[in-house]
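Here the structure is laid out as structure tokens; the discussion comes afterwards.
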Protein chains: 2
Amino acid sequence: MKGIKRLAQHLDISIGTVSRALNGKPDVNEETRRRVLDAAALLGYAPNQAGRSLRRGSTNAVGFMIESNDETETNSDNFFLGVIGGLTGALLKHNLDLVVLPCSVNEDPHDYLQRIVARRLVDAVIISATQRRDRRIDLLKAARIPFIALGRTGGPDEHAWIDLDFEGVAHKAVARLAALGHRQIAVAIPDNEINLGYVFRDAFEDAMAHHRLTVDPSHIIRARSSEHGGYTIGNALLAMEKRPTAIVLVYEMMAIGLYRRLNEAGLTPGRDLAVVGFREGPQSQFLSPALTSFRMSLRDLGIGLAEGLLATMPAYADQFPQGFVHKLWPMELVEGESDAMVIGR
Amino acid sequence: MKGIKRLAQHLDISIGTVSRALNGKPDVNEETRRRVLDAAALLGYAPNQAGRSLRRGSTNAVGFMIESNDETETNSDNFFLGVIGGLTGALLKHNLDLVVLPCSVNEDPHDYLQRIVARRLVDAVIISATQRRDRRIDLLKAARIPFIALGRTGGPDEHAWIDLDFEGVAHKAVARLAALGHRQIAVAIPDNEINLGYVFRDAFEDAMAHHRLTVDPSHIIRARSSEHGGYTIGNALLAMEKRPTAIVLVYEMMAIGLYRRLNEAGLTPGRDLAVVGFREGPQSQFLSPALTSFRMSLRDLGIGLAEGLLATMPAYADQFPQGFVHKLWPMELVEGESDAMVIGR
DNA sequence: CTGAAAGCGCTTACAG
DNA sequence: CTGAAAGCGCTTACAG
């Protein structure tokens with residue numbers, strides 16, 4: 001004998017009453033409820049999730065799909081853990097569990113998600129690393145699974161998403177550099193199909209145009225989103241006949257490799273080349289020179305995602321009536337020393 | 001109509017036969033099996049996990065519990081993602097899913113795990129961030145849930161665990177520094193209750209004794225496991241009247257903050273103070289000077305954990321007959337420039 | 001306020 | 001080789 005039957009037998013009442021007491025139904029004698037709750041705590045009872053899910057038709061769990069490929073494995077910083085912290089906290093308030101679903105590098109992300117969805121492992125999903133054209137969106141829509149995307153796609157916006165404000169970052173970075181006298185500004189973007197590279201490039205070109213600056217095509221540098229990618233960017237810059245005086249990085253860790261390469265060439269970031277990083281990390285201020293970058297709260301982003309997701313779940317939509325969230329997450333410039341140089345006229 | 005019933009109706013056979021065909025039971029006509037498999041693929045059918053779990057009494061899922069506290073959120077870098085990559089791959093071969101279970105900072109890890117276990121959310125568990133005395137071990141033993149710990153505890157070893165070879169790291173680091181002439185060597189350990197701090201300190205003292213070097217108590221420096229912690233270590237070192245000539249860090253990211261603090265004081269790592277980091281990360285070789293550190297494969301560690309866990313699961317024990325794994329994961333020294341100095345006699 | 005019963009979607013011994 | 005039926009642990013309308 002186990003589970004709710006054992007608890008009921010122990011208390012000598014029916015399993016129905018135990019269940020109602022545990023689930024806070026109103027039609028239970030308060031004395032009975034107290035006895036049930038006490039016994040449950042004593043015996044460490046928690047309802048079997050499979051039994052409950054099967055009966056209720058929902059799992060009480062939200063899935064956060066992450067892809068662990070070589071690039072994220074070797075290079076990703078603390079981004080996901082921070083977001084997860086915010087997510088768990090916000091979902092816990094609504095008695096929802098977060099389970100992180102890591103898609104193996106050996107499996108196609110679309111197939112993986114399809115399996116998860118068909119098996120009804122979770123009630124709702126957060127996807128990340130959105131591609132420009134992301135078939136997972138169609139899959140989730142067809143299956144009518146509530147979801148939110150961390151990252152835009154190139155397609156229509158008939159779903160909830162939150163993305164970092166690449167436009168704002170590009171504009172603030174270019175405005176700052178332009179004010180310091182820079183006219184030849186380069187940008188580093190990732191060399192993969194993740195949508196953010198396209199978004200950031202467009203935003204950068206738009207910002208440059210706004211300041212009546214022209215973008216030299218060779219100044220748009222594709223590299224891996226990693227420290228090593230930063231080093232190769234350094235190589236590319238050093239090999240240029242017409243070297244830019246500033247560069248905006250799409251990934252802050254690139255700064256480490258770029259600093260190294262510049263140092264090897266006897267050049268100093270912030271004196272010989274202005275460097276603006278992307279997201280402020282725990283390292284930004286401890287690098288030499290400290291990296292100018294953009295601040296945001298990962299925890300708040302997690303909370304935002306949770307709320308945006310809840311808004312798409314029928315059971316919670318009345319508490320979060322915002323509909324499909326389309327949000328650019330603001331990022332605030334933090335001055336460092338890495339672009340502390342003025343270009344003479 | 002949905003699920004297996006719909007599939008059976010579509011094929012005009014019984015759900016029992018559909019189930020047997022899908023699950024590879026031998027007593028099914030091959031023609032029938034093919035039809036079932038084709039239809040399942042066509043309709044995107046995958047068995048409802050709650051129904052299956054309830055009937056089978058197992059979930060086919062393994063949980064990896066991680067704690068997302070302020071420290072790990074801001075500082076634990078790519079460690080977990082790398083391990084997760086190895087885990088998913090190794091478990092996928094046995095048709096087991098990995099779900100990552102992040103314990104909210106608002107919840108007690110023991111209570112969280114108890115809930116997960118009582119609800120039978122997963123068949124087996126990997127725990128990390130082991131405390132010196134970790135009640136989760138008792139909980140899992142009492143519930144008879146197969147598990148493996150990533151990290152030792154201070155208690156008896158009647159369970160499977162894998163831990164990094166702190167002893168090996170301490171010995172190799174001290175041996176190398178001693179050979180370069182260092183006699184005053186400091187060590188940085190974390191300022192929390194995670195067991196690894198105790199283990200590393202003991203290993204360091206043992207290594208020092210082995211080389212007949214004495215450890216100045218003030219040279220055992222407790223700090224946060226972060227870049228910022230490295231900076232405070234720099235402060236502590238600079239304030240000492242009898243400054244050590246070398247330091248061994250328990251967390252490689254501390255090097256960033258320490259480098260910064262030394263630079264501010266006009267000192268150069270590798271010339272004025274030898275620095276040995278812990279785990280080689282993607283940044284180690286791109287720092288200036290490159291950080292001497294220890295190499296290991298996160299992916300292989302994940303695979304090792306998966307195999308150690310499978311050995312504790314009755315259904316897989318015959319394939320992995322190693323019993324309770326107790327393993328120190330080897331780490332190989334990678335020479336950098338951060339300790340490239342020789343102390344005169 | 002409580003109990004008895006149905007049924008969620010599966011798998012599997014059993015009968016044929 | 002296939003079908004009918006039981007039952008995994010819950011929740012919830014329904015009857016009393």
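In what follows, chains carry the letters A, B, and so on, assigned in the order in which the sequence lines appear, proteins first and then strands, with residues in each chain numbered from 1.
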| request: Would you check if the side chain of Thr88(A) reaches a backbone N or O of Gly85(A) as a donor-acceptor pair within less than 3.5 Å? | output: yes
| Which nucleotide, dG3(C), dT2(D), dC10(D), lies nearest any side-chain atom of Asn48(A)? |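 For Asn48(A), the side-chain atoms sit closest to dC10(D).
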Is the shortest side-chain N/O distance from [X] to OP1 or OP2 of [N] below 4.0 Å?
X        : N       : value
Thr17(B) : dG3(D)  : yes
Lys25(B) : dT12(C) : yes
Asn23(B) : dT11(C) : yes
Tyr45(A) : dC10(D) : yes
Ser19(A) : dT11(D) : yes
Arg52(A) : dT11(D) : yes

| message | Is it the case that dG3(D) (base atoms only) and Arg20(B) (side chain only) share a donor and an acceptor within less than 3.5 Å, ignoring hydrogens and angles? | response |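 Counting by modelled atom types and ignoring angles, a donor-acceptor contact under 3.5 Å is found here.
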| field | Ring centres under 6.0 angstrom apart (His159(B), Phe147(B)) | value | yes
| Would Phe80(A) and Phe80(B) count as a close aromatic pair, with their ring centres under 6.0 Å? |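 No, ring centres 6.0 Å or more apart.
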| query | Less than 4.5 Å apart, any side-chain heavy atom of Trp329(B) and any of Asp163(B)? | reply |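 Result no, sub-4.5 Å side-chain heavy-atom pair not found.
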Would you classify [X] as touching base, sugar-phosphate or nothing, given that sugar-phosphate means primed atoms plus P, OP1 and OP2, and contacts are heavy atoms under 4.0 Å?
X        : answer
Thr32(B) : sugar-phosphate
Ile13(B) : sugar-phosphate
Asn29(B) : sugar-phosphate
Gly57(A) : nothing

| request: Compare every heavy atom of Gly308(A) with every heavy atom of Val325(A), then report the nearest pair and how far apart it is. | output: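 Between these two residues, the closest heavy atoms are CG2-CA, 3.8 Å.
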| note | pair_partner(dA4(C)), Watson-Crick or wobble, both distances < 3.5 Å, evaluates to none
| field | Of Ile4(A) and Pro26(B), the one whose closest DNA chain D nucleotide lies more 5' | value | Pro26(B)
